Amino acid sequence: MSSETASSNGTLLKVDNLEKHFPIRRGILWEKTVGAVKAVDGVSFAVAEGETLGLVGESGSGKSTTGYCILQLVKPTSGSINFMGKELTELGREDLRRMRREMQIVFQDPYASLDPRMTVGGIVAEPLEVHGIGTRRSRGEQVRKLLDIVGFNPNFTNRYPHEFSGGQRQRIGVARALALNPKLIVCDEPVSALDVSIQAQILNLLKDLQRDFGLTYLFISHDLAVVRTMSDRIAVMNQGKLVEVGTAEQVYHEPKDEYTKALFAAVPVPDPHRQRERKAERARLRAESRAESGDGAVTA
Amino acid sequence: MALVEVNDLKTHFFTREGVVQAVDGISFALEKGKTLGIVGESGCGKSVTALSIMGLIPKPPAKIVGGEVLFDGKDLTKLSEHEMQHIRGNEVAMIFQDPMTSLNPTLKIGTQITETILAHRDVSKQQARKRAVELLQEVGIPRAAERLDDYPHRFSGGMRQRVMIAIALSCSPRLLIADEPTTALDVTIQAQILDLLDQLRQEHDMAMILITHDMGVVAETADDVIIMYAGQIVEQASGYELFDNPEHPYTEALLGALPQLEGDEREIREGRLTAIPGRPPDLVNPPEACRFAARCPYSDSGDNCSTVEPQLREIRPGHWVRTAHPASERSGERQTVNA
Ligand SMILES: Nc1ncnc2c1ncn2[C@@H]1O[C@H](COP(=O)(O)OP(=O)(O)OP(=O)(O)O)[C@@H](O)[C@H]1O
Ligand SMILES: Nc1ncnc2c1ncn2[C@@H]1O[C@H](COP(=O)(O)OP(=O)(O)OP(=O)(O)O)[C@@H](O)[C@H]1O
Ligand SMILES: [Mg+2]
Ligand SMILES: [Mg+2]
């Protein structure tokens with residue numbers, strides 16, 4: 001999917017001035033709120049139907065919290081989230097439940113995100129049951145079809161997640177996310193726990209599914225190469241704020257923000273010749289920013 | 001003579017399920033001042049190799065069942081635990097993957113560094129403390145003297161990894177083994193740590209073994225590279241040679257599986273990655289012949305991959321490969337792997 005076709009489609013998701021503050025509490029007996037972590041601090045962006053927006057940034061920058069706010073898994077402190085023309089922050093329980101069918105999530109850790117006491121079939125069928133879709137029998141068929149789509153042997157529906165490898169478990173997670181035929185899938189570090197060969201399988205799968213079903217992705221990752229291969233546009237987060245949004249090409253080739261520049265320069269590429277040059281560039285950037293800020297202190 | 005020479009090292013785990021051949025015949029040599037990168041996917045035996053060199057494998061269930069680890073000509077596998085302790089403090093040091101678990105949360109940073117120094121050097125407490133400050137300064141921790149009295153939780157992940165490096169360097173080791181030293185860190189911090197390690201290696205003329213699963217990190221740091229698969233070396237060459245002319249189908253596949261940061265926008269976004277079908281074999285009963293055969297795109301072209309074990313052979317000077325189908329000996333069209 002190229003960015004041109006994406007932008008000619010309508011806007012599926014629009015986030016405006018989103019904020020999420022977590023209270024910082026101190027004290028043992030008399031807990032007091034002593035401040036707030038501004039996990040998400042005034043974030044705005046839009047995602048077109050069929051597009052992938054990549055969300056990158058370092059640990060703690062607020063990527064997951066942004067994703068959770070959009071899905072209403074955590075309640076935003078303020079701001080607006082417009083999805084398929086509806087303001088999610090104002091929906092009542094029942095309406096929200098209905099909207100949830102259209103937006104799903106795939107989590108990072110295929111080990112922790114699947115209920116170990118449920119069978120593979122049960123895990124994938126659960127969203128269908130919750131939303132009262134189909135009969136027990138038709139759901140069974142649907143589950144087999146979903147597992148087949150994600151490349152997981154449908155004959156293993158009676159087995160448990162722990163019997164499978166990380167890549168296989170992530171396929172189960174993807175099948176579950178697909179079950180309700182959603183418009184939007186938030187992928188929160190979907191391949192970070194996987195080895196490269198398995199990572200490639202899952203990334204290919206996500207690419208294929210997008211092409212076949214016209215899915216829209218918010219693709220969260222701290223791995224810039226992964227984000228680049230998946231995204232039409234890239235949004236860069238730093239300390240709760242979006243410092244830059246643009247096409248993958250723009251953000252990569254002409255980063256406007258200093259932080260974006262430093263972030264891309266820090267990624268080592270698998271080519272020793274090229275990496276020598278990148279390392280020199282990285283040293284130059286660091287010297288520059290040190291000269292600007294006028295101190296040589298290391299803050300890592 | 002090389003500073004480190006590992007010859008046909010075999011470390012197995014004797015478990016109820018059978019014998020896990022975690023490290024099965026590893027050999028390499030490393031000169032002082034040089035960096036060896038060991039790469040491979042999870043479970044291929046990188047950490048067990050490192051722990052075997054350090055004499056830190058859990059016995060039982062693990063046992064070094066063959067080979068030798070020559071350090072300065074001395075076989076470390078033959079030393080007593082007492083002698084090994086001396087080596088570990090003074091000659092060889094290791095940085096472990098997770099900086100959160102390898103520092104003691106209940107002890108001040110300063111105490112943890114001075115304890116190591118006092119255990120290995122005949123110095124006073126005061127001298128040890130002075131040395132600790134120097135070390136923290138050397139690894140780039142600002143206001144080092146004040147920070148000695150902080151507990152680890154006051155430090156960020158990158159700072160803790162710096163402290164681990166300071167502790168590892170406290171006795172000026174001649175060999176530093178770093179097991180995934182940056183895997184838990186953000187890329188900008190990773191870059192700083194890699195720069196720091198590189199600088200320290202140069203200043204102290206230290207040899208370094210850097211274990212990682214990140215091909216980019218290897219490309220940046222390693223003079224020589226070993227690619228491990230299922231407990232064995234499948235390819236070994238200088239960094240430039242390995243990335244310029246990969247020979248083993250597994251190495252090629254690993255490189256093909258990586259998403260590209262640089263290159264043509266359209267190709268990157270619309271292209272598919274080369275996935276490697278299947279997964280590594282069980283190390284209790286590894287395939288008798290080629291361990292990669294089941295996943296190899298070239299394995300059933302009328303050869304004997306599943307009956308004859310390929311040996312590690314020198315395909316070009318200094319470039320070793322273990323496969324019946326090295327890239328430079330393949331004829332005709334390259335097959336593509338689809339998964
Ligand atoms: N439930 C919570 N209570 C308090 N603070 C929180 C909570 N969830 C997140 N935070 C804080 O909000 C900030 C953003 O966290 P978030 O998990 O969104 O970051 P992230 O970009 O996803 O990081 P990572 O790459 O490590 O997953 C962090 O400082 C985090 O500690
Ligand atoms: N205590 C143990 N008992 C049995 N087998 C073990 C034990 N520790 C390690 N192994 C096995 O030894 C093999 C090599 O493990 P090792 O930790 O060296 O892998 P690695 O290459 O470092 O992987 P990673 O990238 O995940 O750190 C694995 O197959 C593992 O299952
Ligand atoms: Mg997160
Ligand atoms: Mg390891």
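All of these numbers come straight from a predicted model, not from anything done at the bench. Letters A, B, ... are given to chains in the order of the sequence lines, protein chains preceding strands, and every chain is numbered from 1.
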Greatest number of heavy atom pairs closer than 4.5 Å to chain A - which of B/Gly263, B/Ala219, B/Ala222:
B/Ala219
Neighbour count >12 (heavy atoms, 6.0 Å) for atom CD, B/Gln137:
yes
Do you know which two heavy atoms are closest between A/Ala262 and B/Thr188, and how far apart they sit?
O-CG2, 4.2 Å
When heavy-atom pairs shorter than 4.5 Å are enumerated against chain A, which of B/His213, B/Gln190, B/Glu41 gives the highest number?
B/Glu41
Determine yes or no for a side-chain-to-main-chain donor-acceptor pair under 3.5 angstrom, with A/Thr229 supplying the side chain and B/Ile268 the backbone.
yes
So for A/Arg228, is it side chain, backbone, both, or neither that comes closer than 4.5 Å to the heavy atoms of chain B?
both
Closest non-hydrogen atom pair, A/Ala200 against B/Ala257
CB-O, 3.8 Å
Taking all non-hydrogen atoms of both residues, which atom of B/Arg269 and which atom of A/Ser231 are closest, and how far apart?
CD-O, 3.2 Å
The test is side-chain contact (heavy atoms from CB on, under 4.5 Å); show your working for A/Arg274 and B/Leu261 and say whether it passes.
CA-CA 12 Å; A/Arg274 191 60 198 109; B/Leu261 184 70; over 6 Å; no
Looking at B/Val187 and A/Ala266, what are the two nearest heavy atoms and their distance?
O-CB, 3.6 Å
Which pair of non-hydrogen atoms, one from B/Gly216 and one from A/Gln275, has the smallest distance, and what is that distance?
O-CG, 4.5 Å
What part of A/Asp208 lies closer than 4.5 angstrom to a heavy atom of chain B: side chain, backbone, both or neither?
side chain
Under 4.5 Å from any heavy atom of chain A, what part of B/Asp198 do you find: side chain, backbone, both or neither?
side chain
Any chance you could measure B/Asp186, atom CG, to A/Ser61, atom OG, to the nearest 0.5 Å?
8.0 Å
Can you see which heavy atom on A/Pro270 is nearest to which on B/Phe243, and at what distance?
O-CD2, 3.3 Å
Output yes when B/Glu270 and A/Lys207 qualify as a salt bridge under the 4.0 Å nitrogen-oxygen rule, no when they do not.
no
Taking B/Arg272's backbone N and O only, do any of them form a donor-acceptor pair with A/Asn204's side chain (distance below 3.5 Å, no angle check)?
no
Within a 6.0 Å radius of atom CZ on A/Arg276, are there more than 12 heavy atoms belonging to other residues, nucleotides or ligands?
no
Rounded to the nearest 0.5 Å, the CG atom of B/Leu258 sits from the CG atom of A/Asp223 at a distance of 9.5 Å
Heaviest contributor of heavy-atom pairs below 4.5 Å to chain B, chosen from A/Gln199, A/His273, A/His222, A/Arg278, is A/His273
Which bit of A/Leu203 is near chain B, if near means a heavy-atom gap under 4.5 Å: side chain, backbone, both or neither?
side chain
Heavy-atom pairs under 4.5 Å with chain A - which of B/Glu267, B/Glu265, B/Arg143, B/Gln260 has more of them than the others?
B/Glu265
Looking only at heavy atoms and a cut-off of under 4.5 Å, which of B/Gly256, B/Gly239, B/Gly271, B/Ala191 has the most pairs with chain A?
B/Ala191
I'd like to know whether B/Asp195 forms a side-chain contact (heavy atoms from CB on, under 4.5 Å) with A/Arg286, so could you lay out the CA-CA distance, the side-chain angles of the two residues, the decisive distance to 0.1 Å, and finally the verdict.
CA-CA 12 Å; B/Asp195 284 342; A/Arg286 194 183 304 160; 3.1 Å; yes
